[in-house]
*Asks:* 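Quick one: structure below, then a few questions.
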Amino acid sequence: MWSVGQRINIEFLENQEFIVVKRLEGGMGYVYKVVDSSLVRSYSIKSLKQTMSSDDFKKECQIFVTASLHESCVKPIGYGLIDLHPAIAYPWYASSLENHDSKNWETAEIIRLINELMNFFQYSCFDLNILHCDIKPSNILLDNEKKAFVTDFGISKMIKNNECMHAPHAVAGTREYMAPELLFTNEQTVKSELYSFGITIYEFLTGEHPYANEIDLENNLQRVSKNIKILKKRVGKAMLLYIDFIERCISIESSKRPENFKLNGSAKNLGCLQPDHKEESRRTLIDSISMQASYYRKENNYIKSEQILHDAINSYGKDPVLLNGLGITYADSRSREEAIVQLEEASEIIFEAHGLLDSLLYLDPIMNLSIQYRCTTRHHDAFVVLNRAWQIFRKHHGCPVN
């Protein structure tokens, strides 16, 4: 589509001009590194090949946006068509896990990496019901501080109630990281995700694939056992639980793998966070649901957006973020009056909580309510709600009210 050195304008990124500085080709499309004309900002532009379905690409964007509120997921910054090819933009990362050797990492850095990834995949599989389906080193990007970010949701699938996902055709993915049972069945499961994750981390830690020789399984298992013993001596006691977990993940038999992305025998719950962080976990989940509803709203699928928000409210209660999403959906699909009812309820919850106003996210319902008031010529009501928020905000930050 583009060549290195070419100057391009990307419409869905405010029609800005960029320079193409790198071009990589994968099985499903191309990834370009582009920089803006000031040579300051760098982005990745993933463009699908012409044979790919636009509907499939929209599904990828939906899943990408849903998962992206987790801190260990790449954040998409825009998507659309480029020369009739579906394309998505996200920040550029200079390296991925496949470019790194764990021998150059401190043990604490390795533990942090594994924790970050286990947290993400636990959240993805069990909170969002999303199977990535292509976990491998090249899909785990790293920033300059070695923080991990999961990317490429091109073949990811959403499942119901953490059940298996039945692929209608041959299972897609990368052969070296696919669970062996997928060669005989089309059932993607959490167990197959765990296998891919285990292979990825094992390869990072040892520098080799555990089953490089597909013919001689017995020799493979002996080598894995030997490498595990060497690895435990090298990394020390701090990582023993992690090594045991990875060893179970790469079991040929799925029944011997863990049930989830949590460490057995450890007080630390990697997926659902500790009790004092439950609200943070709930907050992340609700924000993800809001983003998912926003995606459908952008696609003018208001019925689906409303359904998602109503289901979430029934499950998690009347959260101001969910009510705000319902309000702006109603403003687009129903009437301003119905929107105002939802936004008033969301704003009142925030006013009663007071402290929530330290987050700009919680100002959204108040700002949206004031906009709807102004659109219905209720200017005094708009002034009252904004002034009330301002007084609480100043008080919360220790500013004199008068």
Side-chain angles (χ1 to χ4, degrees), residues 22 24-27 31 72 74 92-121 132-152 173-180 182-183 191-254 256-258 261 263 266 270:
K22 186 175 288 190
L24 305 171
E25 183 175 359
V31 176
S72 294
V74 167
W92 172 263
Y93 294 87
S95 66
S96 66
L97 199 59
E98 68 175 345
N99 308 127
H100 285 255
D101 185 342
S102 67
K103 292 179 181 178
N104 298 323
W105 287 45
E106 299 290 337
T107 299
E109 293 176 326
I110 297 174
I111 291 176
R112 187 188 71 173
L113 172 84
I114 297 175
N115 278 345
E116 289 172 351
L117 293 175
M118 290 176 72
N119 258 304
F120 173 78
F121 289 116
H132 187 280
C133 301
D134 198 18
I135 302 172
K136 58 184 179 181
S138 61
N139 283 338
I140 298 173
L141 306 180
L142 299 172
D143 65 12
N144 293 332
E145 297 178 351
K146 299 179 180 177
K147 181 173 175 57
F149 297 89
V150 179
T151 189
D152 200 345
T174 304
R175 172 70 180 271
E176 294 82 359
Y177 302 92
M178 288 171 57
L182 294 180
L183 299 177
K191 294 277 191 175
S192 58
E193 292 281 273
L194 284 157
Y195 179 86
S196 300
F197 173 78
I199 297 293
T200 296
I201 301 301
Y202 178 93
E203 196 172 71
F204 167 64
L205 293 175
T206 65
E208 63 180 55
H209 194 287
Y211 308 119
N213 186 345
E214 295 184 0
I215 299 176
D216 195 345
L217 178 59
E218 183 177 351
N219 185 55
N220 283 336
L221 294 175
Q222 290 177 356
R223 191 177 66 254
V224 168
S225 179
K226 180 181 177 181
N227 284 341
I228 291 292
K229 291 179 181 178
I230 295 173
L231 196 57
K232 287 182 176 180
K233 290 181 180 179
R234 175 164 71 87
V235 299
K237 293 183 178 180
M239 278 194 60
L240 292 183
L241 282 174
Y242 295 92
I243 302 304
D244 288 339
F245 181 83
I246 298 303
E247 186 176 17
R248 292 171 60 213
C249 285
I250 64 175
S251 298
I252 298 297
E253 299 177 41
S254 63
K256 294 183 179 180
R257 297 175 206 148
F261 288 86
L263 286 183
S266 172
L270 294 171

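The basis for the numbers below is simple: all heavy atoms, side chains too, and nothing from hydrogens, waters or symmetry mates.
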*Asks:* Nearest 0.5 Å, please: how far is CG in Leu182 from OG in Ser196?
*Replies:* 7.5 Å
*Asks:* If you define the side chain from C-beta out and look only at heavy atoms, does anything of Asp143 sit under 4.5 Å from Tyr93?
*Replies:* yes
*Asks:* Take Tyr242 and Leu263 through the side chain to side chain contact (heavy atoms under 4.5 Å, CB included) test and state the conclusion after the steps.
*Replies:* CA-CA 7 Å; Tyr242 295 92; Leu263 286 183; 3.6 Å; yes
*Asks:* Would you call the rings of Tyr195 and Tyr211 parallel, tilted or perpendicular if under 30° counts as parallel and over 60° as perpendicular?
*Replies:* parallel
*Asks:* Distance check, rounded to the nearest 0.5 Å: Arg112 atom CZ versus Glu106 atom CD?
*Replies:* 12.0 Å
*Asks:* Counting N and O atoms only, with roles assigned by atom type, does the side chain of Asn99 sit under 3.5 Å from a partner on the main chain of Ser96, one being a donor and the other an acceptor?
*Replies:* yes
*Asks:* Measure from the side-chain N and O atoms of His132 to the backbone N and O of Asp152, and report whether any donor-acceptor pair falls under 3.5 Å.
*Replies:* yes
*Asks:* Using side-chain heavy atoms (C-beta onward) and a distance below 4.5 Å, is Cys249 in contact with Pro258?
*Replies:* yes
*Asks:* Identify the heavy atoms of Leu205 and Arg234 that sit nearest to each other, and give their distance.
*Replies:* O-NH2, 2.7 Å
*Asks:* Please give me the minimum heavy-atom distance between Val224 and Tyr202, naming the atom from each residue.
*Replies:* CA-OH, 3.6 Å
*Asks:* Can you measure from OG1 (Thr200) to CD (Glu98) and round to the nearest 0.5 angstrom?
*Replies:* 10.5 Å
*Asks:* Run the side chain to side chain contact (heavy atoms under 4.5 Å, CB included) test on Lys136 and Glu203 for me, step by step, so that the C-alpha distance in whole Å, both residues' side-chain angles and the decisive distance to 0.1 Å come before the verdict.
*Replies:* CA-CA 10 Å; Lys136 58 184 179 181; Glu203 196 172 71; over 6 Å; no
*Asks:* Between Ser72 and Leu117, is any pair of side-chain heavy atoms under 4.5 Å apart?
*Replies:* no
*Asks:* Between atom OG1 of Thr151 and atom CG of Leu141, what is the distance when rounded to the nearest 0.5 Å?
*Replies:* 5.0 Å
*Asks:* Where is the tightest heavy-atom contact between Trp105 and Ile110, given as atom of each residue plus distance?
*Replies:* CB-CG1, 3.8 Å
*Asks:* Run through Leu113, Ile114, Asn115 and flag the one making a side chain to side chain contact (heavy atoms under 4.5 Å, CB included) with Ile111.
*Replies:* Asn115
*Asks:* Specify the closest pair of heavy atoms between Ala148 and Ile140, including all atoms of both residues, with the distance to one decimal.
*Replies:* CB-CG2, 3.9 Å
*Asks:* Kindly compute the distance separating CG (Asn104) from CD (Glu109), expressed to the nearest 0.5 Å.
*Replies:* 10.0 Å
*Asks:* Is it true that a side-chain atom of Ser225 and a backbone atom of Gln222 form a donor plus acceptor pair closer than 3.5 Å?
*Replies:* no
*Asks:* Of the non-hydrogen atoms in Phe204 and His100, which two are nearest, and what is the gap between them?
*Replies:* CD1-O, 3.8 Å
*Asks:* Quick one: NZ on Lys226 to CD1 on Ile228, what's the gap to the nearest 0.5 Å?
*Replies:* 13.5 Å
*Asks:* For the pair Arg257 (side chain) and Ile252 (backbone), establish whether a donor and an acceptor sit closer than 3.5 Å, ignoring hydrogens and angles.
*Replies:* yes
*Asks:* How about CG on Asp101, more than 12 heavy atoms from neighbouring residues, nucleotides or ligands closer than 6.0 Å, or not?
*Replies:* yes
*Asks:* Show your working on side chain to side chain contact (heavy atoms under 4.5 Å, CB included) between Asn219 and Arg223 and close with a plain yes or no.
*Replies:* CA-CA 6 Å; Asn219 185 55; Arg223 191 177 66 254; 3.8 Å; yes
*Asks:* For the residue pair Pro210 and Ile199, what are the closest heavy atoms and their distance?
*Replies:* CG-CD1, 3.3 Å
*Asks:* Is Lys191 reaching over with its side chain to a backbone N or O of Ser254, donor-acceptor style, under 3.5 angstrom?
*Replies:* yes
